[in-house]
> 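Before anything else, here's the structure in question.
We're numbering straight along the sequence, starting at 1. All ligand and atom numbering here is 1-based and tracks the order in the structure.
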Amino acid sequence: MKKLSLFSPGTIANISCGFDVLGVALDEVGDVMHFEVTDKPGWQISEIKGADLPLDVAKNTAGVAGLSLLNTYKSQGGDPPGFSLMIEKNIKAGSGIGSSAASASGAVWGLNELLNRPFSPLELVSFAMEGEKLASGVAHADNVAPGIFGGFTLIRSYEPLDIVALPCPDDLYAVVLHPQIEIKTQDARSILKTQLSLRQATTQWGNLGGLIAGLYTNDYGLISRSLVDVVVEPIRSLLIPGFDELKKTMLESGALGAGISGSGPSVFGLAQGNDQARSIAQAIEINYRQWGIDFEVHCAKINTQGIKMIQA
Ligand code: ADP
C-alpha cells in the first residue's frame with residue numbers, strides 16, 4: 001500500500017464521572033487524513049486544510065505522535081520509507097471534542113497501516129499520547145484511546161497503560177454544542193482542585209461503576225442516573241457561558257445526561273435514539289442563541305469502530 005485516506009473521529013472525554021479515564025468516539029464528526037509513501041525519506045506534513053496549525057512535525061500533534069511511532073520502529077531495526085501527510089481539519093482546535101487527539105491518533109493509525117501493522121492498538125495509543133503531551137502538557141489517553149479502539153474506552157491504569165474497550169448499547173447518540181470560544185486544556189486543568197473529600201470520591205466512583213455497568217447491560221436508566229460529575233464539572237462549568245441552562249435544556253428535552261465534553265467549552269448530552277438526539281439538538285439551538293456567542297451543534301451516533309479507512 002502506497003497511499004491511504006482515513007476518517008479520524010471526534011471524541012468526548014471524561015463523560016461526566018470518568019475524568020481522565022473515560023472517552024467515547026463519535027460518528028460523522030471528525031478529520032480526514034491523507035497519507036502517501038514518498039521517495040524522499042522522513043516524515044512531513046505537506047498541507048493542513050481548514051485550520052491554521054503548524055506544518056512543522058515537532059509542533060503538530062500528528063507530527064509528534066508519528067515521530068514517536070517511527071523512532072520506535074527504527075529502534076527495533078525497521079527501515080521506514082518516507083511519508084507525507086495532508087490533513088483536512090473539521091474539528092476546531094481547543095473545542096473539547098478531541099481535535100489534537102484526532103490528528104495524533106489518526107497519524108499513528110495511518111502510519112501503522114502503511115508499515116503493515118507492526119504495532120498493537122495499545123502501542124498506538126502510547127505513541128498518540130505523545131501528541132497530547134504537546135497539546136496540553138499531559139500525556140492523557142482519554143481522547144486518543146476511543147479513536148483507536150472505537151466506542152467507549154476506560155483507561156484502567158496509566159502505569160502500566162491498560163485500556164478496556166467497553167460495549168455500547170445500539171441506540172446511543174451524542175449531541176454536542178460547541179460555543180466558539182477557546183478554552184485551552186492546559187488552562188482548564190490548572191483551575192482544578194488537587195484534593196477531594198472522601199464523599200466526593202465515593203460518589204464519583206459509584207457513578208463511574210454505574211455507567212460502565214449500564215453500558216454492559218444496555219440499561220439506559222442506569223446510564224442516565226450515573227452521568228453525574230461532582231469533581232470537575234462544578235469548577236470547569238464556570239468557564240462556559242450558559243452551561244447550567246444548556247444542561248437543563250438538554251435534560252428537559254430528554255437527554256440521558258449532560259456535561260462538559262473533555263475540558264470544554266463543548267457541552268455534550270447522551271440520548272437514546274436518533275429522534276431524541278435531534279429534538280435535543282433543536283432545543284439547544286434555540287436556547288443558546290441568547291448568549292450572543294457563535295456556536296455549532298453536532299449530533300452523532302456513537303462510533304464503535306473508531307478510525308476508519310475511507311480509501312486504500
Ligand atoms: P482539543 O481538546 O480540542 O484537542 P487542546 O487544547 O487539547 O484542544 O489542543 C489544542 C492545542 O493543540 C492548540 O494549541 C493547537 O495549536 C495544538 N495543536 C497542535 N497540532 C494540532 C493538530 N494537529 N490539531 C489540533 N490541535 C493541534
> Is S46 reaching over with its side chain to a backbone N or O of L85, donor-acceptor style, under 3.5 angstrom?
yes
> Return the closest protein heavy atom for atom 23 (N) of ligand 1 as residue, atom name and distance.
N60 OD1, 2.8 Å
> Could you identify the single nearest non-hydrogen protein atom to atom 27 (C) of ligand 1 and state the distance to 0.1 Å?
L53 CD2, 3.7 Å
> At the 4.0 Å heavy-atom cut-off, does E182 count as touching ligand 1?
no
> Is it the side chain (CB and beyond), the backbone, both or neither of S100 that lies under 4.0 Å from ligand 1, heavy atoms counted?
both
> Does E132 have a non-hydrogen atom less than 4.0 Å from ligand 1?
no
> How long is the span from the CZ atom in F35 to the CG atom in L114, to the nearest 0.5 Å?
7.0 Å
> Which heavy atom in G30 sits nearest to a heavy atom in N90, and how many Å separate them?
O-ND2, 2.8 Å
> Taking it one step at a time, do F119 and T72 satisfy side-chain contact (heavy atoms from CB on, under 4.5 Å)?
CA-CA 10 Å; F119 298 110; T72 305; 4.0 Å; yes
> For atom 6 (O) of ligand 1, find the nearest protein heavy atom and state the residue, atom name and distance (0.1 Å precision).
T185 OG1, 3.0 Å
> Nearest to atom 14 (O) of ligand 1, what protein heavy atom do you find, and at what distance?
K184 CE, 3.6 Å
> Does any N/O atom on S103 come nearer than 3.5 Å to any N/O atom on ligand 1?
yes
> Taking heavy atoms and a distance under 4.0 Å, where does T61 meet ligand 1: side chain, backbone, both or neither?
both
> Would you say S224's side chain and Y220's backbone share a donor-acceptor pair under 3.5 angstrom?
no
> So which protein heavy atom does atom 8 (O) of ligand 1 come closest to, and at what separation?
G94 N, 3.1 Å
> So is there a nitrogen or oxygen of K89 less than 3.5 Å from a nitrogen or oxygen in ligand 1?
yes
> So, W109 side chain and L124 main chain: donor-acceptor pair closer than 3.5 Å or not?
no
> Does ligand 1 have an atom that lies less than 4.0 angstrom from a heavy atom of G262?
no
> Check each of L166, T153, I155, D142 against L22 using the side chain to side chain contact (heavy atoms under 4.5 Å, CB included) test, and report the only one that passes.
L166
> Between the side chains of D219 and R225, is the shortest nitrogen-to-carboxylate-oxygen separation below 4.0 Å, so that they form an ion pair?
no
